[in-house]
Amino acid sequence: VFETNESDHYALEEALRIKEKFGGEVVLLSLGDDRVLKSIKNGLAMGADRALHLTGPEFHGSDAHVVATAIRRRKLSSVELTRALLARIERWQPVLNAFVRVEADEALAVAKAADRSLAQRGPKGQLHGVPLAHKDIYYSAGKPAGCGSKVREGWIAPATSTVITRLEAAGSFRLGALHLAEFAYG
């Protein structure tokens, strides 16, 4: 599964080589606006089996800064965004299998706390109230981190990785853990 944009051309070629060698299906996933339709058409012409072009009001194509700004300006609440993303995950997880774990209850609790904190004390940081999903190789203390490997199955991280610590210090929080190639070798 690839998010279709101009830079994913080489990744698509590699996916098509893997498909040729091992079989399977290549699915293009577009979370962007209609500007990526040309990329989708090119990908299908190159041999991708199908494409999913997801459109709608869920901030497609927005980066974390845009979303964080909307939350700080109270045009969007962290709870609203988190619920929308969790609904989207629920809809597409059976098809895409992108998540190892979805931490819905915890994410909603943190989103509610982020909205309260924003109202009482202002933003915690540049990413205040922005939910993110991270590859399962980025540890959070006390949470499982399998790193895409059977060797690490059931392993509980004793510490939080630096990148997660910095993202949380900026005010973001975790929606869940994403699949990855074993130990990110790939």
Side-chain angles (χ1 to χ4, degrees), residues 1-32 36 39-40 43 46-54 58-65 67 81-82 84-107 110-111 127 130-186:
V1 176
F2 299 97
E3 183 173 327
T4 54
N5 59 43
E6 297 300 324
S7 66
D8 285 333
H9 180 81
Y10 298 109
L12 176 58
E13 286 178 341
E14 180 63 20
L16 292 169
R17 281 192 287 278
I18 292 169
K19 174 188 168 186
E20 187 176 312
K21 186 172 183 178
F22 298 105
E25 183 178 38
V26 175
V27 179
L28 302 173
L29 171 63
S30 168
L31 302 176
V36 299
S39 294
I40 291 172
M46 288 174 65
D49 297 290
R50 60 192 172 101
L52 300 171
H53 182 54
L54 310 179
E58 300 98 350
F59 292 93
H60 295 299
S62 295
D63 61 25
H65 173 73
V67 173
L81 177 60
T82 302
L85 292 171
L86 289 171
R88 189 170 192 179
I89 292 166
E90 185 177 339
R91 177 178 179 200
W92 289 105
Q93 176 64 8
V95 175
L96 302 175
N97 194 31
F99 283 82
V100 175
R101 280 177 315 284
V102 177
E103 299 164 6
D105 293 337
E106 185 176 332
V110 175
L127 295 174
V130 177
L132 300 173
H134 312 287
K135 296 288 187 179
D136 196 32
I137 202 162
Y138 296 106
Y139 308 157
S140 288
K143 294 187 180 290
C147 302
S149 177
K150 294 274 186 204
V151 173
R152 283 272 175 95
E153 198 170 296
W155 183 75
I156 304 297
T160 299
S161 67
T162 301
V163 71
I164 299 298
T165 299
R166 289 180 177 174
L167 287 167
E168 288 175 351
S172 76
F173 59 92
R174 185 179 175 125
L175 277 173
L178 299 168
H179 282 290
L180 68 150
E182 187 173 23
F183 294 111
Y185 295 135

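Since we're looking at a predicted model, the values are computed, not measured.
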_For the backbone of Gly146 and the side chain of Glu153, can you confirm whether one donor and one acceptor N or O come within less than 3.5 Å of each other?_
no
*Check for a donor-acceptor pair, side chain of Lys135 on one end and backbone N or O of His179 on the other, with a separation under 3.5 Å.*
yes
*Taking atom CD of Glu182 as the centre, does the number of heavy atoms from other residues, nucleotides or ligands within less than 6.0 Å exceed 12?*
yes
_Leu85 CG to Leu175 CG distance, which is reported to the nearest 0.5 Å_ = 5.5 Å
*If you round to the nearest 0.5 Å, how far is CD of Glu168 from OG1 of Thr160?*
6.0 Å
*asked:* What's the separation between atom CZ in Arg174 and atom CG in Leu167, rounded to the nearest 0.5 Å?
replied: 11.0 Å
*Anything under 30° is parallel, anything over 60° is perpendicular, the rest tilted; go ahead and classify Tyr138 against His134.*
perpendicular
*Does atom CD of Glu90 have more than 12 heavy-atom neighbours, drawn from other residues, nucleotides or ligands, at distances under 6.0 Å?*
no
*Measuring from Thr82:OG1 to Glu106:CD, what's the distance to the nearest 0.5 Å?*
12.0 Å
_Can you tell me how far apart OG (Ser149) and OH (Tyr185) are? Round to the nearest 0.5 Å._
10.0 Å
*Report yes if the side chains of Phe183 and Arg152 come closer than 4.5 Å at any heavy-atom pair, otherwise no.*
yes
*Nearest heavy-atom neighbours spanning Asp136 and Ala177*: OD1-CB, 3.5 Å
_Donor-acceptor pair, side chain of Arg101 and main chain of Pro144, under 3.5 angstrom_ = yes
*Please answer whether the main-chain N or O of Leu127 pairs with a side-chain N or O of Ser172 as donor and acceptor at a distance below 3.5 Å.*
no
*Could you tell me which non-hydrogen atom of Ser140 sits nearest to which non-hydrogen atom of Ala157, and how far apart they are?*
O-CB, 3.6 Å
*Could you tell me which non-hydrogen atom of Tyr139 sits nearest to which non-hydrogen atom of Ala145, and how far apart they are?*
CD2-CB, 3.6 Å
_Heavy-atom pair with the smallest gap, counting every atom of Pro131 and Leu81_ = CD-CD2, 3.5 Å
*Just wondering, are more than 12 heavy atoms of other shown residues or ligands nearer than 6.0 Å to CG in Asp105?*
no
